[in-house]
Every structure is written in C-alpha cells, then in structure tokens.
Amino acid sequence: MKKTHTLGRTVIILGLFVALALGLCGRLFYLQVIKGDEYRDYVLNNLLQKTTIKAQRGTVYDRNMMQLAANATTYRIFISPFDIDKAKEKGGKDYQVTEEAELIATNLSRILSVKYEDVFERTQKKNRKDETIAKNVEKKQADEVRQFIEDYGFSRQIHLEETVTRYYPYGSLAAQCIGVMGTDGGLFGLELQYNEAMSGTDGLYISAKNAMSENMPTRYEQYIDAEDGLNVVTTLDVTIQGILENQLKETYRQHAAGNQVCGVVMDVKTGGILAMGTYPNFDLNDPYTLVGEYKEKMDLCEYEKGSKEYNEYFWELVYSMWKNKTITDTYEPGSTFKIITAAMGLQENLITADTEFTCTGKLNVAGTTIHCHKTSGHGSNTFAYQLQQSCNPTMMNVAARLGTETFWEYFVNFGYTEKTGVDLPGEASGINHAKDRFNAVELATSSFGQTFKTTVLQQITAISTVANGGYIVTPHIVSALTDNEGNVVVSFEDQVNKRQILSQSVCNTLTDILTEGTVKGVAKNAYIAGYPIAAKTGTSEKRDSEDSTLRVGSTVAYGPSSDPSVAVLIIVDEPGGNTKSGGVVAAPYVGKVMEQTLSYLGVERQYSEEELKQLIVTLPDYVSKKVDVSKAGLENLGLKVEVVGTGKTVMMQFPVAGSQLNKNYGKVILYTYDEGSMVIPDYDYGAIEVPNVVNNTISAAVSKLLASGFNVRIEGSVNYDAGSSAVVVSQSGLGETLKRGSIIVVECRHLDNVDDQGQIEDQNG
C-alpha cells in the first residue's frame with residue numbers, strides 16, 4: 001500500500017517534469033524556430049551600431065574651374081551628460097553642481113563662444129548621451145577642444161563629429177544663380193536645379209557593440225562606401241560676373257531703382273551664360289540676413305516682432321531677395337524689341353536700310369493714335385536713320401507691311417511664346433496677346449515692344465539670334481557634370497544651329513545700322529572707343545501699376561560688330577530721378593560691361609582715325625631727362641608742352657608720370673633746372689580753385705577747365721561724332737584748390753534724344 005502510494009507520487013512528479021520539459025522544448029522550438037528570425041533581428045538591432053557615412057556634395061565651378069560653391073570640413077561638438085560625474089549638490093542651489101560639469105561648461109563656453117549657462121544646463125541632463133553644444137565649428141576651435149579633452153581625460157564626456165558645411169568662396173557673387181542649401185538640399189538656383197546630381201549617395205558603417213559600447217568581433221560588420229556627388233561646371237566666368245555686378249550696383253545707386261536692377265552677359269554663339277545678376281544681392285554664406293532695401297522694409301514694417309504677420313513678411317522679403325529677376329520677372333521690352341521688328345522686315349525683303357519712312361510724331365491705327373517719343377516727329381529719312389533714332393511710327397509701318405500672320409510667325413520663332421528652357425528653376429513664361437485677338441493695334445504696339453511682356457533672358461536670347469548670324473540658341477548655365485577625378489560624366493553640348501530664322505546678310509545689315517546708332521542715335525551712351533558695338537535702348541511703361549509714372553529702362557548691346565561674340569542686357573526697374581530712359585539709366589553701364597568684358601576676353605581694339613584723336617595717353621616719366629628730348633617725346637604723343645624755366649634738365653613734371661590725359665587737348669608742364677648748379681629754382685606751382693562744370697556741355701566744360709589752367713580727362717559717354725552734346729554729370733576736385741596742370745576727371749552723359757518711349761492714346765474712348 002505504501003509502495004503504491006510512493007510509486008504514484010513518483011509517476012506524478014515524473015509526469016510533471018516530462019510536461020515541463022516538453023513545454024520548455026516547445027517554447028524553445030517556438031522561440032528558436034518559429035520566431036527565430038524575428039528575435040535574431042531584434043538582438044542584432046540592439047547589438048549593431050549603424051553609422052552613416054555622408055557623401056560629399058559636388059562642387060560648383062565657373063568655366064575656368066574657380067570654385068563657386070564648395071564643402072568645408074567643420075565639426076559638431078557634443079557632450080554625454082550620462083558620463084559626467086554628478087557627485088554632490090552644493091550650496092542649496094536649484095541644480096546640481098559638480099567640479100567636472102563646471103570645468104566642462106567653463107572651457108567649452110570659452111573655446112566655442114557659447115553661454116556658460118547653456119552648456120552647464122546641458123551637462124545636467126543625466127540620462128542623455130548626446131547633447132549638442134555647437135555646430136559648424138572651425139578646425140582651430142575643434143583642435144582646442146581636442147586638446148582640452150586630452151588634458152583632462154574627457155574622452156567619454158566630450159565628443160567631436162566631423163561634418164561638412166556648404167561654403168561659397170565669393171560670398172554674394174552670382175548669389176541668385178548659385179542658390180543655397182537647406183536642411184533637405186538646395187533651396188533655389190543651381191543648388192536646387194542640380195540637387196540630385198550633386199547630392200551623391202550616403203554610405204554606411206555597421207559594427208557590433210557590447211553592453212559597454214565596446215567593439216565586438218562579428219561577421220555582421222560591414223562597410224558600404226559613400227558615393228560622392230557630381231561636380232557642376234558652369235558657363236559663368238567669375239571675372240565677367242564681377243564686371244556685370246559692379247555696373248548693376250552703380251546704376252542701382254545712381255538712378256535710385258525702386259524695384260531692383262538685373263542683367264545678363266551671354267555668349268551669342270553658344271547660348272552660354274557668362275554672367276547673370278540681380279541687385280541688390282546678398283551673402284550666400286548668410287542667406288537669411290536681409291540687406292539693403294529688404295532690411296529697410298523690414299525695419300519699417302508695423303508688425304509686432306515675432307508675430308505671425310511679422311514672420312510671414314520676413315519670409316516674403318527673403319524670397320524676394322533670393323529671386324533671380326532675369327528669369328522670374330516679366331517686363332515690356334520697349335524699343336529694344338525694334339531690333340526684332342527690323343529683322344523681320346529685312347528678312348522678308350519688305351525694307352532695306354535705305355527705304356524711306358516719314359514720321360510726323362504720331363500714327364493713327366484703327367482709331368487709336370500712337371505717338372512717337374519725339375512728338376514733333378523725325379521727318380522723312382531712311383529706315384536706318386529712323387531705327388537709330390528709335391522712331392515708333394516707322395516700326396509700326398514695317399509691322400503693317402508684315403501683317404499679323406507673318407509677324408506672329410516670327411514672334412513664335414524668336415521664342416517669345418515659350419520658355420527658353422534654361423537650366424535654372426523658376427523660369428517664367430512671357431505674357432502675350434492671344435493669337436486670335438492679335439489685330440492691327442496689337443500689331444502696331446508690339447512692333448516697338450509694348451503691350452506684351454517677356455523675360456530678360458528671353459529678350460537677350462532673341463537678340464543673340466541677330467548677333468550670331470540668325471541662329472536660335474538655347475541659353476544654359478551648366479556645361480558639364482564631372483566626377484572627382486575630372487572625368488566628364490554628363491556633357492551639355494552647346495545647342496547651336498537649332499534652327500536658322502535669319503540670313504547672315506540681314507544680320508550684317510542690322511548690325512551695321514545699330515553700330516552707327518551708338519555714334520549718331522539714341523544708343524550713343526553705350527559707345528566705346530575702339531570697340532564698335534551694336535546697341536539699342538528701350539524705355540517702357542509699367543501698365544500693371546497704379547503709378548503711371550513708373551518705367552523700365554533698358555539697353556541691349558552685342559559686339560564686337562565685326563564678329564559678335566558677347567551680348568549684354570541690363571534693365572533698371574522703376575528708375576527714380578528726372579530721367580528714366582534706358583539711354584541714360586542703362587546704356588552707359590552696358591557700354592562699360594561690354595568694354596571691360598571684351599578687353600578681358602582679349603579682343604583687340606580697332607580705332608578709327610577720329611577715335612585716335614581722342615585717345616587717352618599715359619604719361620612717361622621725364623624727370624631728370626633732357627628738356628628737348630622730353631618735349632619731343634610728349635609732342636610725339638600728341639600732347640601740348642609748357643616749359644617753365646631756362647634749365648636744360650627736367651626737375652619736375654606735372655601731371656606726374658603715370659597720369660592719363662586726353663590726347664587732343666592734354667598739356668604737360670615741365671619745370672627745369674641746370675645740372676651742377678648750386679641753386680635749385682623755387683617755382684610757384686600755383687593754387688587754383690577748381691571751377692564747377694557740372695551740367696555744362698562737354699565742350700563748354702573743357703574750355704572752362706583748360707582756361708583755368710587744368711588738364712581734363714573725359715570719362716563716360718563721349719564719341720567723336722556727338723561729343724559736343726554730352727553733358728557733365730559729375731567731376732573730380734569740385735570745391736578744391738589744386739596745382740596748375742592738375743587733372744580734373746569729368747563724367748559725361750548724352751541727355752539729348754535718348755528717350756525712346758511712345759504713348760498710346762485711344763481715340764475711341
């Protein structure tokens with residue numbers, strides 16, 4: 001009986017063990033077989049540490065491989081509060097204070113120029129292993145942090161992480177074209193357009209760590225290389241970009257532009273954009289700081305700082321500052337479009353340069369009277385003359401001969417009804433008449449560039465067609481994408497010869513007319529001695545504005561006329577002051593851009609006989625030379641000479657060596673002495689008050705200054721044919737007392753016959 005009871009108990013216990021064993025085996029089977037993969041991944045995810053290896057973003061270069069946007073190595077400094085000793089509280093303060101935390105906060109705040117309180121507060125987050133103290137730290141500061149870590153053995157408490165910061169070596173140069181980086185990539189400009197190509201692909205480093213965060217040997221360790229982004233080689237030229245931006249800044253300031261100025265320099269044969277700018281611009285390395293007129297508007301706003309309205313207005317101004325006006329804004333091109341109308345008429349053999357037209361100052365078209373800018377009219381003369389004088393009725397008559405169908409066909413062919421396709425984001429479309437409503441009045445007003453809108457880039461692209469012999473080109477700003485070894489991965493071949501819409505002979509005829517217009521026509525402020533260029537000015541109304549006085553002044557030019565290679569277009573949106581015409585607010589600056597660009601490109605000047613008489617010469621050094629030799633040398637340069645004293649050797653010359661004088665009326669004074677003489681002559685060099693010649697004609701100004709005993713150097717818009725009509729707009733030395741023979745520099749402009757804006761008067765009410 002007793003044995004049976006014991007045996008039963010044994011069987012029960014054994015059964016329990018068997019059941020337990022079976023249950024355990026079942027559980028193990030469930031965990032290892034059924035759920036094995038899932039739990040293995042869970043364990044690995046807790047053991048494996050993944051570190052992203054950032055791909056290097058591609059560099060942006062100009063066409064000469066100068067860096068426009070590059071990557072700078074910087075550092076993120078962070079601490080591990082979890083590893084900072086927090087032994088005791090002191091002094092009943094609200095937070096824990098330890099010597100280690102104080103030491104770290106004191107030194108990091110000093111090295112990184114951050115607040116001690118902020119660093120110390122972060123040291124107290126005891127459960128955190130990563131608290132950022134500073135980002136984008138330069139190497140010098142990072143090295144100081146490293147030294148601090150080494151000196152105090154803080155390798156667990158303080159860490160450095162190498163990061164990459166986008167850097168723009170030229171600051172504000174081509175700012176609206178290049179664009180900037182945001183958190184997720186490029187925000188605008190080339191940084192946005194080529195964001196994917198430049199971004200590359202991040203790599204990955206996977207390693208196993210134990211509970212002490214120490215490396216473990218494991219077969220799961222992997223290293224996946226990052227694939228760096230491609231580099232962008234642009235068609236921009238740093239030097240030409242600087243030339244353009246300097247002139248945009250000058251006209252913006254001198255003519256108080258109310259709505260920015262902008263311009264483009266283009267290779268007419270390839271469509272490559274050599275320079276593209278909008279002013280005011282901003283620093284790409286500090287893109288969220290408002291500058292110039294944008295800062296003034298922000299300062300004057302009545303919104304409470306920090307309010308929703310304030311923040312919305314701030315971002316509105318930021319986006320306006322970033323805007324590339326040459327492609328995002330449209331404007332009425334005004335009389336610069338007359339080049340296109342003229343090309344149509346010449347190509348269709350409806351006119352020649354010698355065809356006679358009569359201008360009475362206005363023309364009635366289907367009941368609408370449209371005026372010429374010269375209300376008294378230009379009279380009867382050749383088409384060449386009328387175009388040079390920017391006669392509106394002549395253009396309207398040419399358009400009437402073409403008819404709406406032919407005019408519209410050319411309008412489309414020149415690219416005005418579609419985007420140019422430039423490789424930049426945000427390009428706007430022109431605003432044109434509907435084809436089925438393009439009637440006689442629309443034809444007439446369009447002939448001189450009003451009542452429709454285009455972009456600056458569309459306009460210079462169309463003008464380049466005339467400059468390059470009749471071929472439409474596609475404007476572009478990138479020539480190639482390359483890898484880090486310089487291999488071309490993608491090449492954007494120049495799209496020349498897409499289609500020819502004008503003959504070479506028509507382009508030659510029009511170029512000759514426009515070149516002569518810089519001497520005799522409304523474009524004479526764009527004239528450059530030694531560089532014949534073709535130019536046309538424009539002034540248009542802003543019809544969509546409530547202010548009827550607002551204008552857009554512009555000038556387009558291309559050259560050299562013998563073999564055009566470069567075109568320039570500048571517009572001044574809402575110029576202030578009394579003179580708003582493109583012939584004054586844009587032409588002089590276009591001329592300077594053309595002159596400096598052609599010189600930089602190595603184009604040799606070709607002076608006419610008339611221009612040779614006006615040349616500026618640089619004075620050699622004649623001090624200590626014989627008087628007769630010096631006098632002969634100066635006269636050979638075409639300069640007048642005055643010898644003071646009876647000595648045989650030049651003691652002093654005035655102006656001094658290196659000074660520049662106009663060849664035809666410059667005079668050099670030579671003060672003499674005798675070598676070996678014990679007596680040094682004590683000459684009276686004179687002290688003359690500089691007369692005010694501002695607003696004088698150039699001929700009157702020169703006469704007045706020469707009569708006062710000064711030399712004159714003329715700068716600005718003066719040519720051999722119409723120089724006497726130019727007016728002095730500024731001068732050097734005003735109000736000063738200077739030595740006799742000193743050079744007074746006068747800046748000149750033609751203010752006569754440079755307004756080329758027409759008025760439309762609806763007679764039908």
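Only this structure's heavy atoms are used, side chains among them; waters, hydrogens and symmetry mates stay out.
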Any Y331 side-chain heavy atom under 4.5 Å of D573 side chain: no
Quick one: does Q254's side chain get under 4.5 Å of V585's, heavy atoms only? no
Nearest-0.5 Å distance that lies between atom CG in N662 and atom CD in E715: 9.0 Å
For Q176 and T278, run side chain to side chain donor-acceptor pair (under 3.5 Å): C-alpha distance rounded to whole Å, both residues' side-chain angles, the deciding distance at 0.1 Å, then the answer. CA-CA 7 Å; Q176 289 89 350; T278 302; 4.6 Å; no
K338 and S390: CA distance, side-chain angles, deciding distance, side chain to side chain donor-acceptor pair (under 3.5 Å) verdict: CA-CA 8 Å; K338 290 173 182 174; S390 201; 2.8 Å; yes
L705 and P691: which non-hydrogen atoms are nearest, and at how many Å? CD2-CG, 3.7 Å
Could you walk me through whether F654 and K739 pass the side-chain contact (heavy atoms from CB on, under 4.5 Å) test, one step at a time? CA-CA 9 Å; F654 215 78; K739 294 178 181 178; 3.9 Å; yes
Give a yes or no on whether the backbone of L619 and the side-chain of S659 come within a donor-acceptor separation of less than 3.5 Å. no
Just one of D512, T515, T511, N508 clears the side-chain hydrogen bond (donor to acceptor under 3.5 Å, both in side chains) bar with S561, so which one? T515
Is the closest side-chain heavy-atom distance between K524 and T518 below 4.5 Å? no
Are V712 and V746 packed together at the side-chain level, in the sense that at least one heavy-atom pair is separated by less than 4.5 angstrom? yes
N468 side chain to G470 main-chain N or O, any donor-acceptor pair under 3.5 Å? yes
How close do Y168 and L68 get, counting heavy atoms only, and between which atoms? CD2-O, 3.6 Å
Ring center gap for Y589 and H255 short of 6.0 angstrom: yes
Within a strict 4.5 Å, meaning less than it, do heavy atoms of the T672 and T646 side chains meet? no
Suppose the criterion is salt bridge (Lys or Arg N to Asp or Glu O under 4.0 Å): which pairs have a residue in residues 240-253, not counting sequence neighbours? none
Between the main-chain N or O of I243 and the side-chain N or O of Q241, is there a donor-acceptor pair closer than 3.5 Å? no
Whether the side chain of N525 engages the backbone of H750 through a donor-acceptor N/O pair (distance < 3.5 Å, no angle test) should be reported. yes
Less than 4.5 Å apart, side chain to side chain, heavy atoms only: is that true for E642 and V644? yes
Spell out, as yes or no, whether a donor-acceptor pair under 3.5 Å connects the side chain of E736 to the backbone of V690. no
Quick one, L637 and P620 - any side-chain contact, counting heavy atoms below 4.5 Å? yes
Is the side chain of D674 donor-acceptor paired with the backbone N or O of K648 at a distance under 3.5 Å, no angle test? yes
Of all heavy-atom pairs between K625 and S630, which one has the smallest distance, and what is that distance? CB-OG, 3.6 Å
Let me confirm one number: the CG-OG distance from L598 to S565, rounded to the nearest 0.5 Å. 6.0 Å
Can any side-chain N or O of Q247 pair as donor or acceptor with the backbone N or O of V593 at less than 3.5 Å? no
Can you tell me how far apart CG (N381) and CG (D354) are? Round to the nearest 0.5 Å. 10.0 Å
In short, I463 meets I340 closest at the heavy-atom pair CD1-CD1, 3.9 Å
Looking at CD1 of I533 and OG of S562, how far apart are the two atoms once the value is rounded to the nearest 0.5 Å? 12.5 Å
Assess whether side chain to side chain donor-acceptor pair (under 3.5 Å) is satisfied between T355 and T352, documenting all intermediate values. CA-CA 5 Å; T355 302; T352 68; 3.2 Å; yes
R713 vs L661, test: side-chain contact (heavy atoms from CB on, under 4.5 Å). Steps then yes/no. CA-CA 6 Å; R713 187 171 80 244; L661 292 174; 5.9 Å; no
Measure the CD1-CG distance between I178 and L173 for me, rounded to the nearest 0.5 Å. 6.5 Å
Please indicate whether K631 has more than 12 foreign heavy atoms, meaning atoms of other residues, nucleotides or ligands, lying under 6.0 Å from its NZ. no
Does a side-chain heavy-atom distance below 4.5 Å link L244 with I570? yes
Hey, are T251 and Y279 close enough side-chain-wise for a donor-acceptor pair under 3.5 Å? no
Separation between OG of S708 and CG of L738, rounded to the nearest 0.5 Å: 11.5 Å
Could you go step by step and tell me if M276 and V456 meet the side-chain contact (heavy atoms from CB on, under 4.5 Å) rule? CA-CA 10 Å; M276 175 182 277; V456 169; over 6 Å; no
How are the rings of Y671 and Y683 set relative to one another: parallel (under 30°), tilted (30 to 60°) or perpendicular (over 60°)? tilted
Pairwise salt bridge (Lys or Arg N to Asp or Glu O under 4.0 Å) hits with a residue in residues 587-596, at least two apart: K592-E747, E595-R605
Counting only heavy atoms from other residues, nucleotides and ligands, does the tally under 6.0 Å from CG of N636 exceed 12? yes
Of all heavy-atom pairs between C507 and L502, which one has the smallest distance, and what is that distance? SG-CB, 3.9 Å
Closest approach of F337 and P333, non-hydrogen atoms and distance? CB-CG, 4.1 Å
Full working for side-chain contact (heavy atoms from CB on, under 4.5 Å) between N711 and K667: CA-CA 7 Å; N711 273 295; K667 182 169 74 172; 4.0 Å; yes
Flag, side chain of H378 to backbone of N392, donor-acceptor distance under 3.5 Å: no
Would you find a donor on one side and an acceptor on the other, under 3.5 Å apart, between the side chain of T537 and the backbone of G582? no
Q458 side chain to F414 main-chain N or O, any donor-acceptor pair under 3.5 Å? no
